[in-house]
2 protein chains.
Amino acid sequence: MQSKPTTIKEIAQLLGISVSTVSRALHDHPSIGLTTRAKVKKLAGELNYEPNQTAIFLQKGKTHTIGVILPELSEAFFSSAISAIEDTAYKKNYTVLLAQSHDDELKEKQLVEKMKNHRVDGLLVSVGKNTSSFQHFENLKKYNIPVVYFDRIPNIPNIHYVACNMEIGTIEAVSFLLKKGHRAIGMINGPQTMVATGERKEGYIKAMTKNRLKYDPSLIVSCDLTEEGTKKALDELLANKRKPTAIVTFNDYVALFAIKYAQKLNIKLNQELEFVSYANLPLINYMENIPAASVEQFPYLQGQKATDILMDLLHHQDKGSNEQSAYYKIIIESQLIENKK
Amino acid sequence: MQSKPTTIKEIAQLLGISVSTVSRALHDHPSIGLTTRAKVKKLAGELNYEPNQTAIFLQKGKTHTIGVILPELSEAFFSSAISAIEDTAYKKNYTVLLAQSHDDELKEKQLVEKMKNHRVDGLLVSVGKNTSSFQHFENLKKYNIPVVYFDRIPNIPNIHYVACNMEIGTIEAVSFLLKKGHRAIGMINGPQTMVATGERKEGYIKAMTKNRLKYDPSLIVSCDLTEEGTKKALDELLANKRKPTAIVTFNDYVALFAIKYAQKLNIKLNQELEFVSYANLPLINYMENIPAASVEQFPYLQGQKATDILMDLLHHQDKGSNEQSAYYKIIIESQLIENKK
DNA sequence: CAAGGTATTGCAAACGTTTGCGTGTTGTTT
DNA sequence: AAACAACACGCAAACGTTTGCAATACCTTG
């Protein structure tokens with residue numbers, strides 16, 4: 001019952017011809033006669049022949065597989081990105097080898113090794129929160145395994161990446177609130193250590209100066225992104241001498257925490273206090289009390305672009321120009337989207 | 001600059017010994033002298049030797065890779081499951097090859113082929129909504145590739161699966177509402193075609209009869225799971241001669257649609273009308289108006305169990321007993337969880 | 001010192017495929 | 001009729017490992 005998969009060798013034997021002829025026939029090599037070609041294909045069809053990829057991998061040195069390492073699969077942002085990656089890779093006939101680092105630098109390193117051993121053709125990476133050294137990724141260059149970073153990118157030169165610039169979206173967000181008449185606009189920002197925190201702050205300041213308004217540092221508070229931290233941050237803002245009438249929050253989680261808390265404080269949403277956030281929760285649509293607008297970060301698009309770049313890199317490394325000087329640096333502009341309710 | 005990965009052959013040459021000795025030395029084969037063993041390992045370390053897995057795959061006929069095919073990566077339920085699968089597989093030193101079918105039967109078939117060609121050792125599958133034939137999966141048996149289904153399992157005999165039984169959870173859900181004093185309990189169920197719809201209905205009926213209450217069929221309405229459909233279903237229930245004071249909804253999406261709509265109708269939640277749902281959205285925690293309780297389906301646990309089973313199958317197929325008569329049929333009991341607000 | 005044993009190592013096949021090159025068989029051309 | 005293309009196919013190496021078996025060296029024992 002346990003039929004082993006058919007091999008090229010068996011076909012050759014059954015037909016009384018050589019394996020090379022069979023191989024070539026299956027690939028429509030011109031030097032094979034039409035009759036043998038037909039014979040081979042017929043038998044191959046009947047025997048349900050499927051080429052053994054592992055053998056081809058070994059032979060060609062290419063696996064047609066790309067590795068993906070990201071922090072957390074179950075996070076909405078990443079699951080959306082991985083969905084895009086799989087879709088895009090599938091179209092180009094690549095397969096996806098998946099792994100999550102759980103934001104653990106050590107595990108990340110091990111995963112890189114594993115990917116290397118599996119001989120993935122290329123790697124897509126969103127680096128962990130705590131990753132401080134990127135040597136384990138950079139080492140891959142030596143083995144000619146291209147790496148494309150996305151979303152959470154390391155701050156080092158000479159890399160390919162696609163990321164979303166939060167600054168533009170933030171400017172839009174603040175401008176949106178200004179246009180609605182708000183003057184005291186608060187911001188619940190993330191931890192100082194994150195790049196994203198800086199981008200948001202910069203965007204905030206730029207939006208203010210652009211509109212010839214003075215920037216009040218006391219209106220930006222940082223937060224550890226937990227529910228408790230959010231409450232504290234909101235308290236802090238509300239206690240400010242210039243009590244904000246609108247708040248930009250670091251992300252949707254923070255926004256929802258803040259909204260929930262604001263309701264408990266009997267604050268009238270969208271009247272006394274309006275929120276704008278950064279989108280990372282897909283189901284904003286299912287809820288009633290949501291931020292007035294969200295800065296979209298396009299996870300699907302990011303995954304798609306990153307995969308496209310990797311495919312491009314893989315394609316071009318064969319033909320000449322192994323000395324690459326150009327690096328893909330794709331910045332997707334974040335974009336403010338007003339939430340319909 | 002482009003250093004090719006070190007091979008066993010190079011080590012052998014450099015040390016003036018044979019490849020087989022190097023191979024054995026690296027595997028701590030007892031027949032290799034301690035001195036050579038040390039020499040080999042030292043050099044291997046210096047040269048950063050990493051075994052070429054593709055070669056090992058070919059040689060051993062095992063890839064230490066499992067394939068995962070599921071409908072939609074970006075859905076919370078599946079992203080949670082895949083997270084579990086990856087975690088579990090990683091611990092056993094397996095790698096995950098990932099693909100999504102987008103509920104497309106044809107693509108599902110192609111993916112199975114692809115997985116087979118990649119010579120995955122085993123397959124984890126949650127079948128697509130529209131899949132009617134399961135032959136493409138069953139064919140894998142011939143090639144000795146075990147398949148474990150999870151969550152969305154086909155209704156055929158002789159398969160391994162892990163699924164969540166909705167009946168118990170539903171009984172709990174209805175009982176929960178009965179205990180709270182509700183007597184007219186409505187249900188917004190799914191399409192008649194889905195297995196899950198039947199299970200919910202059965203659970204509902206059993207809960208009623210168990211409590212010696214008569215079952216009123218007009219209190220169960222089906223719904224296509226869209227927002228519009230949900231509104232219609234709710235209208236229908238509210239127009240019933242016995243207007244329900246509580247409703248069990250097919251899933252969280254439906255619940256949120258219904259809750260949103262109910263608020264628009266100025267119905268006082270938890271007083272006039274109470275909801276219980278089936279959990280598939282993780283961020284219920286971030287919202288104010290949520291179902292009073294949810295039937296948990298344990299996606300992470302399902303993914304974990306399914307992977308464990310597959311690992312077990314893979315382990316035991318080597319040693320004897322290739323004639324397997326026993327099939328794993330793991331039913332995880334769904335469980336009602338009261339939502340704290 | 002010969003015999004036997006043991007510890008160490010090498011040889012070569014195998015996994016399934018691709019591919020450069022060689023070889024034989026036709027057929028065409030002069 | 002000889003020479004030469006063109007065509008069709010086979011041989012064998014290669015990809016990097018593992019592993020059964022053979023072979024060598026060394027050591028012990030009688």
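In the text below, chain A, chain B and the rest are named by the order of the sequence lines, each starting its count at 1.
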Separation of [X] atom [atom1] from [N] atom [atom2], in whole Å?
{"X": "B:His27", "N": "D:dG20", "atom1": "NE2", "atom2": "P", "result": "13 Å"}
{"X": "B:Asn52", "N": "D:dA14", "atom1": "CG", "atom2": "P", "result": "17 Å"}
{"X": "A:Glu10", "N": "C:dG16", "atom1": "CD", "atom2": "C1'", "result": "10 Å"}
{"X": "A:His118", "N": "D:dG16", "atom1": "NE2", "atom2": "P", "result": "18 Å"}
{"X": "B:Gln13", "N": "C:dG10", "atom1": "CD", "atom2": "P", "result": "13 Å"}
{"X": "A:Lys60", "N": "C:dG16", "atom1": "NZ", "atom2": "P", "result": "18 Å"}
{"X": "A:Gln59", "N": "D:dG16", "atom1": "CD", "atom2": "C1'", "result": "11 Å"}
{"X": "B:Asp28", "N": "D:dT18", "atom1": "CG", "atom2": "C1'", "result": "16 Å"}

Is the phosphate of [N] approached by [X] (side-chain N or O, under 4.0 Å from OP1 or OP2)?
{"X": "B:Thr7", "N": "D:dG16", "value": "no"}
{"X": "A:Ser20", "N": "C:dT18", "value": "no"}
{"X": "B:Ser23", "N": "D:dT18", "value": "yes"}
{"X": "A:Ser18", "N": "D:dG10", "value": "yes"}
{"X": "A:Lys9", "N": "C:dC15", "value": "yes"}

Of the candidate nucleotides D:dA8, D:dG10, C:dG16, which contains the atom at the shortest distance from the side chain of B:Leu58? C:dG16
Among the candidates C:dG16, D:dT18, C:dT17, find the nucleotide nearest to the side-chain atoms of B:Ile8. D:dT18
Hey, what's the ring geometry for A:Phe150 with A:Phe78, parallel, tilted or perpendicular (30° and 60° as the breaks)? perpendicular
Pi-cation contact, A:Tyr90 with B:Lys107 (under 6.0 Å, within 45°): yes
A:Val147: which of A:Leu124, A:Leu313, A:Val125 passes side-chain contact (heavy atoms from CB on, under 4.5 Å): A:Val125
Between A:Asp312 and A:Lys92, does any side-chain N to carboxylate O distance fall below 4.0 Å? no
Polar pair under 3.5 Å, donor/acceptor by atom type, side chain B:Arg119, base C:dG16: no
Return yes when atom CG of B:Asp28 has more than 12 non-hydrogen atoms of other residues, nucleotides or ligands closer than 6.0 Å, and no otherwise. yes
Hey, is NZ on B:Lys329 packed in by over 12 heavy atoms from elsewhere, all under 6.0 Å? yes
Looking at every strand, decide which applies to [X] at a 4.0 Å heavy-atom threshold: base, sugar-phosphate, or nothing.
{"X": "A:Ile56", "answer": "sugar-phosphate"}
{"X": "B:Thr36", "answer": "sugar-phosphate"}
{"X": "B:Gly33", "answer": "sugar-phosphate"}

Between A:Thr35 and A:Val19, name the one whose nearest nucleotide on DNA chain D is closer to the 5' end. A:Thr35
Pairwise 5' ranking along DNA chain C for B:His29 and A:Tyr49, keeping only the more 5' one: B:His29
